Protein chains: 2
Amino acid sequence: MPVATDLNAQTQRRDAIVRILRQNAVARQAELVTLLHREGHDATQSSVSRDLRELGVVKGGDRYLLPAAEDALTPSHFETVSSFVKGYRAAGPTLTVLRTSVGTAQSVAIALDKARWPEVIGTIAGDDTIFIATESAKAQRRLHDHLRTHFGR
Amino acid sequence: MPVATDLNAQTQRRDAIVRILRQNAVARQAELVTLLHREGHDATQSSVSRDLRELGVVKGGDRYLLPAAEDALTPSHFETVSSFVKGYRAAGPTLTVLRTSVGTAQSVAIALDKARWPEVIGTIAGDDTIFIATESAKAQRRLHDHLRTHFGR
DNA sequence: ACAGGCTCTGCATAATTATGCACATTTGCG
DNA sequence: CGCAAATGTGCATAATTATGCAGAGCCTGT
């Protein structure tokens with residue numbers, strides 16, 4: 001009997017995979033499954049195999065490597081700006097408005113762009129507001145999952 | 001009944017693998033074996049598996065990718081300078097002296113450096129002469145195999 | 001609220017890759 | 001030159017990864 005189909009779970013699991021790979025040298029998917037379980041994520045080798053492909057992760061010699069783009073994104077960049085985020089709301093099915101502390105919108109937007117989340121079509125940042133465009137309602141949900149994971153509810 | 005242990009064959013096979021991967025999208029080692037056979041190289045999946053690891057080749061999603069360093073080396077770079085090379089001789093077990101047309105040593109040395117052959121410790125180029133340092137007699141043989149493959153006997 | 005269509009999963013298993021062995025050559029040293 | 005130590009291989013097979021299927025939850029439109 002197949003298990004729960006929790007969309008949000010997938011997003012969180014993938015974010016966790018990226019984080020884990022950034023910190024550890026993982027040689028096989030089975031290890032990754034163990035590490036994920038350790039932090040409460042449900043996962044099987046099957047899902048991990050699919051996630052890795054989806055994430056563009058590459059296997060070199062004896063360890064999995066994040067693609068250059070992801071690698072370039074220093075975790076600190078993202079973490080640094082997380083405190084600037086005040087909140088976000090959907091404005092229709094494809095536009096999300098994110099509010100930040102005054103004057104920090106630009107830097108938050110840059111961090112978002114660097115994250116290269118596939119569901120994001122583009123962003124525009126003002127002074128304390130960022131407009132994030134997504135392709136569909138579904139993509140918007142993905143985005144919100146990501147935002148929730150990184151900035152809290 | 002193991003087959004021939006021809007050191008030079010290994011070097012040539014690996015060079016061929018690099019070239020093939022640079023031109024084609026190869027998804028499995030079996031394909032690579034076929035392509036190698038096609039150009040006269042002897043190889044089994046076993047050897048290819050070992051070569052790929054040794055070459056630092058990475059498997060991303062559904063194709064093998066050369067490491068960035070190798071990728072950066074445009075084949076043309078190397079081919080362009082090959083005509084400048086007059087010849088080379090060993091000067092002791094760890095030093096190889098390569099002679100080039102007057103004034104072209106620098107560019108040939110740069111191409112050599114970009115190739116990043118593991119057996120090469122370092123190079124110094126004068127006007128028409130390049131000193132290539134290798135770690136051991138064995139490494140020197142590797143180097144000569146490489147030189148022979150690219151510049152002819 | 002229901003139907004039809006998508007997406008995401010786990011499971012079982014096919015497909016691929018990695019590696020222990022045994023052995024042929026080569027290399028390194030007297 | 002002769003022998004012990006390294007290397008490099010293929011083969012057979014273990015170890016890993018990928019994927020066809022069928023089920024379960026979610027979404028969209030009515």
Side-chain angles (χ1 to χ4, degrees), chain A residues 1-15 17 21 26-34 36-37 41-65 90 92-94 118-119 134-142 144-145, chain B residues 1-14 17 21 26-34 36-37 41-65 90 92-94 118-119 134-145:
Chain A
M1 56 299 269
V3 178
T5 296
D6 183 343
L7 192 52
N8 187 284
Q10 186 191 53
T11 301
Q12 297 198 326
R13 189 182 59 237
R14 291 185 179 175
D15 284 340
I17 288 177
L21 291 182
V26 181
R28 335 160 211 215
Q29 302 183 354
E31 282 180 51
L32 203 42
V33 171
T34 301
L36 285 169
H37 278 170
H41 289 285
D42 237 31
T44 58
Q45 177 265 320
S46 306
S47 301
V48 170
S49 169
R50 292 169 178 132
D51 288 339
L52 291 177
R53 178 184 293 271
E54 199 59 37
L55 289 169
V57 170
V58 141
K59 180 168 189 180
D62 55 355
R63 55 171 118 285
Y64 283 99
L65 303 167
T94 62
E119 70 272 20
T134 45
E135 187 183 82
S136 61
K138 184 171 303 184
Q140 186 180 62
R141 271 193 298 286
R142 299 275 189 177
H144 289 196
D145 287 339
Chain B
M1 50 318 269
V3 178
T5 295
D6 184 341
L7 189 54
N8 187 284
Q10 186 190 54
T11 301
Q12 297 198 326
R13 190 181 59 237
R14 291 186 178 174
I17 288 176
L21 292 182
V26 181
R28 316 176 250 161
Q29 301 183 352
E31 283 182 50
L32 204 42
V33 171
T34 301
L36 285 169
H37 278 170
H41 289 285
D42 237 30
T44 57
Q45 177 266 320
S46 306
S47 300
V48 170
S49 168
R50 291 168 179 136
D51 288 339
L52 291 177
R53 176 185 295 270
E54 199 60 36
L55 289 169
V57 170
V58 142
K59 181 168 189 180
D62 55 356
R63 54 170 119 290
Y64 284 98
L65 304 166
T94 62
E119 69 272 19
T134 44
E135 188 183 81
S136 62
K138 183 172 303 185
Q140 188 180 59
R141 271 192 297 283
R142 301 275 189 176
L143 168 63
H144 289 195
D145 286 340

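Convention: sequence-line order gives letters A, B, ...; per-chain numbering from 1. Since the model is a prediction, treat every value here as computed from it, not as a measurement.
Here the P atom of nucleotide D:dG8 and the CD1 atom of B:I17 are 14 Å apart, to the nearest Å. If you take CG of A:D51 and C1' of C:dT7, they are 13 Å apart, rounded to a whole angstrom. The distance between atom NE2 of B:H41 and atom P of D:dG8, rounded to the nearest whole Å, is 17 Å. Distance CD (B:Q10) to C1' (D:dG10): 14 Å, rounded to an integer number of Å. For the pair B:R141 CZ and D:dT7 P, the interatomic distance rounds to 11 Å; values are reported in whole Å. One interatomic measurement links the two molecules: CG of B:D42 to C1' of C:dT25, which rounds to 16 Å at whole-angstrom precision. The interatomic distance linking B:Q140 (CD) with C:dT27 (P) rounds to 12 Å, in whole Å. Between B:L36 atom CG and D:dG10 atom P there is a gap of 11 Å when expressed in whole angstrom units.
Under the rule for a side chain to side chain donor-acceptor pair (under 3.5 Å), the partners of B:Q29 that lie at least two apart in sequence or sit in another chain are B:Q45, B:Y64. Taking the ring-ring contact (aromatic ring centres under 6.0 Å, His included) definition, one finds that A:H144 meets it with A:Y88, sequence neighbours left out. Residues passing the side chain to side chain donor-acceptor pair (under 3.5 Å) test with B:R50, sequence neighbours excluded: none. Taking B:R13 as the reference, B:D51 meet the side chain to side chain donor-acceptor pair (under 3.5 Å) condition, with sequence neighbours excluded.
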side-chain contact (heavy atoms from CB on, under 4.5 Å) between A:V33 and A:T44: does it pass, once the steps are laid out? CA-CA 6 Å; A:V33 171; A:T44 58; 5.8 Å; no
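When all heavy atoms are compared, the tightest approach of B:A90 to B:Q140 is CB-NE2, 3.5 Å. Closest non-hydrogen pair, B:A139 versus B:T134, comes out as CB-CB, 3.9 Å.
Proximity of A:L65 to A:L21: side-chain heavy atoms (C-beta onward) are nowhere separated by under 4.5 Å. Side-chain contact between B:H41 and B:I17: absent, with no pair of heavy atoms (C-beta onward) separated by less than 4.5 Å.
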Walk along nucleotides 1-6 of chain D from 5' to 3' and tag each nucleotide B, S or - by protein heavy-atom contact under 4.0 Å, base first, then sugar-phosphate. -----S
N/O contacts under 3.5 Å, protein versus nucleotides 18-20 of chain D?
from: D:dA18; atom 1: OP2; to: A:Q29; atom 2: NE2; distance (Å): 2.7
from: D:dA18; atom 1: OP2; to: A:S49; atom 2: OG; distance (Å): 2.8
from: D:dA18; atom 1: N7; to: A:Q45; atom 2: NE2; distance (Å): 2.9
from: D:dA18; atom 1: N6; to: A:Q45; atom 2: OE1; distance (Å): 2.9
from: D:dT19; atom 1: OP2; to: A:R53; atom 2: NH2; distance (Å): 3.4
from: D:dT19; atom 1: O4; to: A:S46; atom 2: OG; distance (Å): 3.3
from: D:dG20; atom 1: O6; to: A:R50; atom 2: NH2; distance (Å): 2.9

